[in-house]
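Any value given below was found using the heavy atoms of this structure, including those in side chains, with hydrogens, waters and symmetry copies removed.
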Amino acid sequence: MDTTTLPDTGSDAAIVATALAGLPGDRLARLAARRAFVDLKTMFMRAVEPLQDRKGQWLQEKVRLATDPMDLWLLRGPVLAAQSGNSADALALRAELYRAIDGVFPQAFGSSHLMPGVPPAGVPMPSLDAARNTRQMPLR
């Protein structure tokens with residue numbers, strides 16, 4: 001019997017993951033994440049809809065084919081660059097795009113306090129010299 005394709009059900013993590021897979025909270029979290037992605041994709045579609053040049057058609061196709069929030073994250077630069085007008089409508093659309101992106105990727109625009117393990121802005125980072133001057137234990 002080939003055991004390389006059997007799922008790992010003996011580890012503690014696999015047991016916990018299996019036990020939690022069907023909980024209502026997990027389903028609600030997946031639904032909320034999907035809803036946020038659909039809202040962001042709809043916002044991107046609205047932003048690229050009026051673009052009629054070749055770049056606009058390319059952006060429309062790429063946004064339409066996006067199936068993952070990371071697909072939209074990678075398209076954020078070209079979509080925002082395409083909204084280069086200074087009219088009130090263009091500025092409002094860009095602001096709405098930034099808010100929508102920030103809703104799905106809260107750490108994207110400088111909110112490092114939301115990311116675990118990253119100190120907030122303004123906290124000094126230890127220098128390389130300080131790291132070199134620390135006493136190191138000899139390897140045995």
Side-chain angles (χ1 to χ4, degrees):
M1 177 177 178
D2 182 18
T3 59
T4 58
T5 58
L6 294 177
D8 177 23
T9 57
S11 71
D12 292 338
I15 292 170
V16 171
T18 303
L20 295 178
L23 291 179
D26 188 40
R27 286 192 298 268
L28 291 176
R30 285 195 313 268
L31 286 172
R34 183 67 184 167
R35 187 174 301 121
F37 166 71
V38 169
D39 291 344
L40 184 61
K41 185 172 179 176
T42 303
M43 181 69 223
F44 271 55
M45 290 297 292
R46 273 192 22 223
V48 298
E49 182 181 9
L51 305 174
Q52 297 302 321
D53 59 350
R54 287 182 56 197
K55 184 175 183 178
Q57 291 172 352
W58 179 83
L59 281 171
Q60 290 170 2
E61 179 183 349
K62 293 300 179 184
V63 170
R64 195 174 319 124
L65 294 174
T67 59
D68 182 70
M70 285 308 296
D71 294 338
L72 297 176
W73 172 255
L74 295 173
L75 291 170
R76 78 194 183 287
V79 170
L80 287 167
Q83 309 303 320
S84 60
N86 287 330
S87 69
D89 290 338
L91 292 174
L93 183 61
R94 267 201 310 269
E96 198 173 346
L97 274 169
Y98 275 112
R99 278 193 300 275
I101 293 169
D102 194 39
V104 176
F105 302 99
Q107 70 276 13
F109 301 114
S111 300
S112 64
H113 65 279
L114 297 175
M115 289 186 354
V118 176
V123 175
M125 298 293 290
S127 68
L128 183 59
D129 292 333
R132 286 185 184 144
N133 291 335
T134 60
R135 185 175 158 202
Q136 296 179 358
M137 299 298 291
L139 297 175
R140 295 182 188 217

Engineer: Give the minimum heavy-atom separation between Q60 and M45, together with the two atoms involved.
Structural biologist: O-SD, 4.4 Å
Engineer: Would a 4.5 Å heavy-atom cut-off, applied to side chains only, mark F105 and L40 as touching?
Structural biologist: yes
Engineer: Could you walk me through whether R35 and D39 satisfy the side chain to side chain contact (heavy atoms under 4.5 Å, CB included) test, starting with their C-alpha distance in whole Å, then the side-chain angles of each, then the deciding distance to 0.1 Å, before giving a yes or no?
Structural biologist: CA-CA 6 Å; R35 187 174 301 121; D39 291 344; 4.0 Å; yes
Engineer: Give the minimum heavy-atom separation between L74 and P78, together with the two atoms involved.
Structural biologist: O-CD, 4.0 Å
Engineer: Do the side chains of L65 and M70 join up, straight or via other hydrophobic residues, at under 4.5 Å, putting them in one cluster?
Structural biologist: no
Engineer: Considering non-hydrogen atoms only, spot the tightest contact between L93 and R46 and give its length.
Structural biologist: CD1-NH2, 4.1 Å
Engineer: CD/Q83 to CG/L91 distance, rounded to the nearest 0.5 angstrom?
Structural biologist: 10.5 Å
Engineer: If I take atom CD from residue E96 and atom CD1 from residue I101, how far apart are they, to the nearest 0.5 angstrom?
Structural biologist: 11.5 Å
Engineer: Measuring from atom OG1 of T67 to atom CZ of F37, what distance do you get when rounded to the nearest 0.5 angstrom?
Structural biologist: 6.0 Å
Engineer: Closest approach of A66 and L72, non-hydrogen atoms and distance?
Structural biologist: CB-CD2, 3.7 Å
Engineer: How far does CZ of R27 sit from CG of L31, to the nearest 0.5 angstrom?
Structural biologist: 9.0 Å
Engineer: Going by an N to O cut-off under 4.0 Å, is there a salt bridge joining R30 and D26?
Structural biologist: yes
Engineer: Hydrophobic clustering (ILVMFWY, side-chain heavy atoms < 4.5 Å, transitive) - are V38 and L97 grouped together?
Structural biologist: yes
Engineer: Please find the pair of heavy atoms, one from A36 and one from V104, that lie closest to each other, and give the distance.
Structural biologist: O-CG2, 3.8 Å
Engineer: Between atom CD of E49 and atom CD of Q52, what is the distance when rounded to the nearest 0.5 Å?
Structural biologist: 8.5 Å
